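In this text, all values refer to a predicted model and were calculated from it rather than measured experimentally. One-based numbering, in listed order, for ligands and for the atoms of each.
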Amino acid sequence: MNEEHYDASDIQVLEGLEAVRKRPGMYIGTTDVKGLHHLVWEIVDNAIDESLAGYCQNIEVVINKGNSITVKDDGRGIPVDVHPKTHLSTVETVYTVLHAGGKFGGGGYKVSGGLHGVGASVVNALSKWVEVTVYKNKKIHFIRFENGGHTVEPLKVIGDCEENRTGTWVTFKPDPDIFDTDVYDYETLKVRCRELAFLNRGLKITIRDDRDDEDTTGETFIYEGGISEYVRFINQGKTPIHEDIIHLEGEEDNVFFEVALQYNTGYNDNIYSFVNNINTHDGGTHEEGVKRALTRVINSYARKNGILKDKDESLTGDDVKEGITMIVSCKHPNPQFEGQTKGRLGNSEVRKLADNVFAEGFEKFLLENPEEAKIIVNKAMLACRARNAAKKAREITRKSDLTTTNFFGKLSDCKSKDPKVSEIFIVEGDSAGGSAKKGRDSMTQAILPLRGKILNVEKARLDRALGNEEIRTIITAFGTGIGEEFDLSKLRYDKIIIMTDADVDGSHIRVLLLTLFYRFFRPIVEAGHVYAAQPPLFRIMHGKTRKYVLNPEERDNYLATLKPEVRARAEVARMKGLGEMDAEELNETTMDIEKRVLRKITVDDCVAADAIFEKLMGDEVEPRRDFIVENAGYAINIDI
Ligand code: 28F
């Protein structure tokens with residue numbers, strides 16, 4: 001502990017509650033509003049323990065005018081008989097003697113709530129006054145303490161009551177000399193009262209604030225469904241992905257364990273764990289046991305049902321907890337709290353109990369509810385893919401170092417570093433790529449040739465596409481990064497021009513690129529940076545003249561301008577691909593800023609491409625083959 005070293009013998013000697021007044025922080029953590037509220041929980045915990053013992057059904061908490069607190073329970077009533085050791089009544093002993101023994105031996109004082117017995121005397125030590133009224137043995141007993149726990153009105157009978165009327169009422173006023181503030185916060189007290197009602201199913205807890213004049217009705221919490229109702233409460237406003245809340249419980253060696261969970265469509269996990277109603281913010285063995293079992297059971301279900309293939313890596317703890325809302329509650333006779341704020345459960349035997357109880361129950365649930373099981377497992381699969389995609393995105397963005405040699409192997413960058421005047425042509429095939437490099441304006445035009453092999457991208461799994469070297473090169477060339485790392489201001493070109501053949505392969509590439517842009521670079525498309533080059537479709541030759549036109553109507557219009565005898569001799573050829581033009585022609589017809597025609601790509605084009613992509617690259621083979629066959633003839637008209 002702090003300055004002096006205490007040992008068990010010193011505790012007995014300490015002048016009763018004086019020690020507590022000297023070092024309140026050692027008993028209630030702080031003397032700010034949190035410490036003020038802690039006093040309430042020490043008293044409420046005693047009432048809750050009486051409820052856990054099975055004798056109390058109702059607890060009432062009132063903030064009185066002047067910020068004193070009243071807590072009432074309908075338990076058996078603190079015993080009023082004379083205590084053998086101290087020759088004082090039990091109730092007076094409970095409120096004036098610091099209980100030595102287990103709580104203090106070894107590692108010093110525990111700050112956490114739920115210290116049965118020692119809590120009440122600590123409240124007394126830190127209060128201006130405390131009054132205890134006990135309804136027991138058909139009598140009403142009353143005792144009052146002042147100024148840190150001195151008995152000013154010894155226990156006496158102040159009236160009669162019905163035999164079946166039993167319980168304990170405690171009113172106390174915290175000592176303003178000890179606390180920074182003596183103003184209670186209703187909302188804080190209400191939230192914890194509600195939580196206690198969730199954690200102790202069937203217990204009715206009422207809270208009321210009487211500080212203002214009007215008679216307030218207060219709020220009552222009672223949850224027969226206990227922590228299952230807590231899960232439903234937390235999932236309010238979220239969309240569950242399965243109707244029933246899964247509830248599992250078990251007991252072993254006097255340790256009671258229960259868990260409730262429900263997945264929602266969100267991406268965050270809401271996991272809360274408790275030991276003896278104390279919130280273990282830092283988790284511990286109860287939570288670890290559940291998470292370990294959850295991961296193991298979902299993986300084994302996914303493998304047994306062929307959702308996870310042998311070659312697939314296992315789902316991680318993060319994957320399986322995405323979108324989960326879960327409450328873990330453990331009741332333990334001798335909890336070991338660990339960590340700076342005692343927020344972690346350390347009892348190792350609980351890990352196995354939690355694992356066993358959860359694994360057995362959850363496995364049974366998945367087997368009995370195949371629909372829900374599929375939904376839950378698929379959600380974890382999606383989480384896994386997203387995690388991988390995000391990881392690849394980070395890798396790419398990190399590794400997107402433009403100076404890497406192999407990178408230059410592919411990209412012929414332009415000399416200008418000014419994004420406003422620079423443009424990049426993504427060209428299909430090495431031959432066209434070669435001509436484009438020759439014909440370009442190297443000051444402002446960059447060329448990135450893509451080989452047809454980009455088509456081997458895993459069908460429909462664009463997140464796998466990030467593994468594709470070519471696609472990685474594109475991402476690096478753009479400079480914006482992708483996913484969470486995306487930053488439009490880092491775009492290195494004003495125009496991204498897709499230049500592919502007007503044939504089926506060209507359309508495939510264009511579809512794939514637009515889908516890629518749609519899924520990973522949508523802001524670039526939305527900002528209007530993406531274009532499709534319009535290579536000529538026909539070459540009209542007569543004499544030495546070579547005229548390239550974009551489409552049938554331009555062809556017909558041009559032919560109409562020729563003299564009949566010239567037209568008769570003119571040769572019209574359908575261009576098969578970019579490769580048919582030399583560097584100069586390619587530049588003249590498709591690249592030269594003064595002459596070329598570009599079509600700006602819109603998000604709608606990408607949406608259409610995305611849909612086609614699914615057909616082209618989706619899992620079903622049929623739709624792809626049909627699509628290609630029915631569209632092959634009009635490949636030029638896949639107008640995207
Ligand atoms: C509003 C606060 O403190 N309720 C309590 C009981 C009941 C018994 C009890 C409490 C001495 C040290 C064991 C009655 N009859 N509400 C409360 N209700 N303490 S505190 O016993 C105290 C004993 O611990 C009780 C039979 N057994 C126990």
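With 3.5 Å as the limit, one finds no donor-acceptor pair spanning the side chains of T133 and H141. Between Q262 and H242, the side chains place no donor N or O within less than 3.5 Å of an acceptor N or O (distance only, hydrogens not considered). With hydrogens and angles left out, the side-chain atoms of E60 and N58 include no donor and acceptor closer than 3.5 Å.
By heavy-atom distance, the residue among T171, D73, N46, I48 lying nearest atom 4 (N) of ligand 1 is D73.
In the vicinity of T168, heavy-atom distances shorter than 4.0 Å reach the ligand 1 atoms 1 (C), 4 (N), 5 (C), 16 (N), 17 (C), 18 (N). Near A47, meaning under 4.0 Å from any of its heavy atoms, are these atoms of ligand 1: 16 (N), 17 (C). Taking every non-hydrogen atom of I43 and a distance limit under 4.0 Å, the qualifying atoms of ligand 1 come out as 1 (C), 2 (C). Counting atoms of ligand 1 from 1 in the listed order, those under 4.0 Å from a heavy atom of V71 are 1 (C).
At a 3.5 angstrom cut-off on N or O pairs, T90 does not count as close to ligand 1.
Relative to the ring axis of Y135, R165 places its NZ or CZ within 45° and under 6.0 Å from the centre. Judged by the 6.0 Å and 45° rule, K173 forms no cation-pi pair with W129.
Ligand 1 has at least one atom lying under 4.0 Å from a heavy atom of P79. Heavy-atom separations between G77 and ligand 1 include at least one value shorter than 4.0 Å.
Put simply, the residue from E146, E92, R144 that forms a side chain to side chain donor-acceptor pair (under 3.5 Å) with T151 is E92.
At a 4.0 Å heavy-atom cut-off, ligand 1 touches K136 through the side chain alone.
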E187 and K190: CA distance, side-chain angles, deciding distance, salt bridge (Lys or Arg N to Asp or Glu O under 4.0 Å) verdict: CA-CA 5 Å; E187 199 54 31; K190 181 194 89 171; 3.1 Å; yes
